[in-house]
Amino acid sequence: MSKPETSLMDRLTALCKRRGFIFQASEIYGGLNGFWDFGPLGVQLKNNLRDAWWHDMVDCPPLGPDGKPLSIVGIDTSIIQHPKTWIASGHVAGFADLMVDCRESKKRYRADHIKVYTVGYSTPKGVGAWSLGVLEGDDAELQVLKRAKKLVQKQGGGDVRIDSSKPDTLTDIWERHEDIYGPDAENPGTLTEPRAFNLMFHSYSGVFQNEDSKVYLRPETAQGIFLQYKNVLDSTRVKPPFGIAQVGKSFRNEVTPRNFIFRSREFEQMEMEFFCAPEDGMMWYEFWVGERLRWWEAQGVSKDNLFRHVIADADLSHYSKGTSDIEYRYPFTAPGFGELEGVAYRTDYDLKQHQEHSKTNLEYIDQENNRRYVPHVVEPASGLTRGVLVLLCEAYQYDESRASPEWLKLKPSLAPIKVGIFPLMNKDGMPEVAEKLYMDLRRTYTCQYDAKQSIGKRYARMDEAGTPFCITIDGDTLTNQTVTIRNRDTAQQEKVALDKVRAYLAERLSA
Ligand code: ATP
């Protein structure tokens, strides 16, 4: 297995476009930064991941520490809620990233995304050091060296070397900003002072467009759950400990959307708020961190590429008693990790805020124990679209010995197409048998019938789409009623009796 020259992310992005997983939004108009569209294979993969989450969270929730099934119900709330929601939640005042503008390149960056490297140089004119800012991630050091070499060329040539063992964060060394080069600047000192930038998109509801009719697109799905928590309690038979789960779109006007679908301005989240008695909060927090790590592993993400990042007490939000990020080793963070999901013990903060701002009592009346309390909440919040990126990164394989060197080793139950069905040749009755099998299997599985080009090319097309099994109707089918089933991962083929195909697939596709 040898690796081609282009970076893994470039190859993955190209494969996603070529095979219809993910396209740039509004591409024919030049694209819109931070927005992506899911193509035929991509939407199938995304829906499969969403359905797996919903199944394991709502339809068949995990067993609690006492061995009994947890009680979790689903909900689907509006993207636009009463604007007071976002005042109560703290998003209007506090949902802001520090950002900087570059006076030279006219670009805008999130301050915490700029990493500054000290690069020493020696030229015939003398020695010194530059402070070069780059966007973190994707081959940052390479970028820095490239720019340093350019600068040294301007001085008539010389040597450069990175002096910092670890880059500095822009905000930490802001006092030196006169000397710092912005990520796209040719001169130092062009970055403006970091200032807060609210990430919520807004619009107006109704005919009059003024401050009174201003509404926000939700930046997270969680708040809709808090607003309906009381209605759910009153209309169902749940009682703490219980959860409410939701999947849906969220919007954040991210300063620097990047790394493909990792950080976009419109994305989907899968969030669950777990309501419990105050004294049990820490226990449920630990429970959910463990559950969620296990769940991502069960979706085919290797343990080695997952990491629990416990947020240090000093960095916790003021309302949180514990937060852990479940991180993944993305190609652009490797050898480091980046967030995939956050599990936060949010105490009773959100419900109390909404109680105060709405003047509605949100206490739970615990008749069994003769007490009332505002429940505490543990929230596992993950990105659905970011989860799709994780699945794609994890599945991407490169193997030159194959007809299609690039292929996707997706977990069979998540693969967009489950079975490819091919007649070996378009004659001798093979297409008729293949079509009959296709008509039968398509009732249960997403199947694709393909009779075009050589069998090798057909396998290659299916490997690129991540299809776990391909069934070929060949000469043997007509004489002894067997088909050839090829396994995507091993490229091995085996003969299976035609009437055993359903059982064969059922056993392997539920995994
Ligand atoms: P980050 O630090 O990456 O900005 P966050 O801590 O703000 O993320 P949360 O508010 O905890 O994110 O949101 C929960 C999950 O939603 C994240 O773990 C991530 O998977 C997803 N998510 C958040 N922002 C984005 C985005 N701009 N694009 C895609 N997914 C996102």
Side-chain angles (χ1 to χ4, degrees), residues 22 25 32-38 42 46 49-50 53 86 89-91 94-99 109-113 135-137 169 196-201 217-226 245-273 285 288-289 292-293 295-296 299 301 306-312 315-317 319-320 322-330 332-333 336-346 349-350 377-393:
I22 298 164
L32 187 60
N33 194 14
F35 296 87
W36 297 92
D37 292 338
F38 284 77
K46 176 158 71 70
L49 182 62
R50 177 200 67 190
W53 185 88
W86 310 109
S89 67
H91 283 90
F95 191 57
D97 281 331
L98 285 180
M99 44 151 266
Y109 314 94
R110 225 169 100 171
D112 65 331
H113 286 169
L135 289 178
E136 67 178 355
T169 303
F197 172 77
N198 196 292
L199 296 183
M200 277 195 295
F201 281 97
L217 301 193
R218 68 181 176 201
E220 60 175 37
T221 62
Q223 296 303 322
I225 297 179
F226 294 123
Q246 163 152 250
V247 180
K249 292 249 177 181
S250 290
F251 303 82
R252 294 183 191 178
N253 197 3
E254 297 281 1
V255 181
T256 40
R258 67 212 159 87
N259 291 328
F260 200 22
I261 56 170
F262 175 80
R263 186 176 305 288
S264 44
R265 291 183 169 141
E266 175 176 338
F267 54 99
E268 278 176 85
Q269 292 185 303
M270 309 186 287
E271 298 195 289
M272 196 272 293
E273 308 303 313
Y285 162 62
W288 279 111
V289 172
R292 297 305 302 149
L293 275 165
W295 190 82
W296 282 110
Q299 307 318 309
V301 184
L306 288 169
F307 173 70
R308 174 181 181 178
H309 173 191
V310 180
I311 308 298
D315 298 332
L316 285 176
S317 311
Y319 51 77
S320 177
T323 298
S324 290
D325 286 345
I326 294 177
E327 298 188 337
Y328 177 72
R329 197 196 309 266
Y330 299 92
F332 46 84
T333 57
F337 294 78
E339 182 172 333
L340 163 63
E341 170 161 351
V343 183
Y345 174 19
R346 301 179 65 97
Y349 175 77
D350 304 270
V377 170
V378 176
E379 173 195 80
S382 70
L384 171 56
T385 38
R386 203 177 276 186
V388 169
L389 177 62
V390 166
L391 295 184
L392 288 168
C393 292

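Each ligand, and each atom within it, is numbered from 1 in the order the structure gives.
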Regarding Gln223 and Ser89, is there a side-chain donor-to-acceptor distance under 3.5 Å anywhere?
no
Between the side chain of Trp36 and the main-chain N/O of Phe260, is any donor-acceptor distance below 3.5 Å?
yes
Can Tyr349 and Ser320 be counted as having a side-chain donor-acceptor contact under 3.5 angstrom?
no
Qualifying residue, where the test is side chain to side chain contact (heavy atoms under 4.5 Å, CB included) with Phe262 and the options are Phe267, Phe332, Tyr328:
Phe332
Between Arg252 and Pro219, is there a donor-acceptor pair closer than 3.5 Å when you use the side chain of the first and the backbone of the second?
yes
Per the under 4.0 Å non-hydrogen criterion, ligand 1 touches Arg110, Arg252, Glu254, Phe262, Arg263, Ser264, Phe267, Gln269, Glu339, Leu340, Glu341, Gly342, Ala381, Ser382, Gly383, Arg386
Give a yes-or-no answer on whether the side chains of Arg110 and Thr256 include a donor-acceptor pair shorter than 3.5 Å.
no
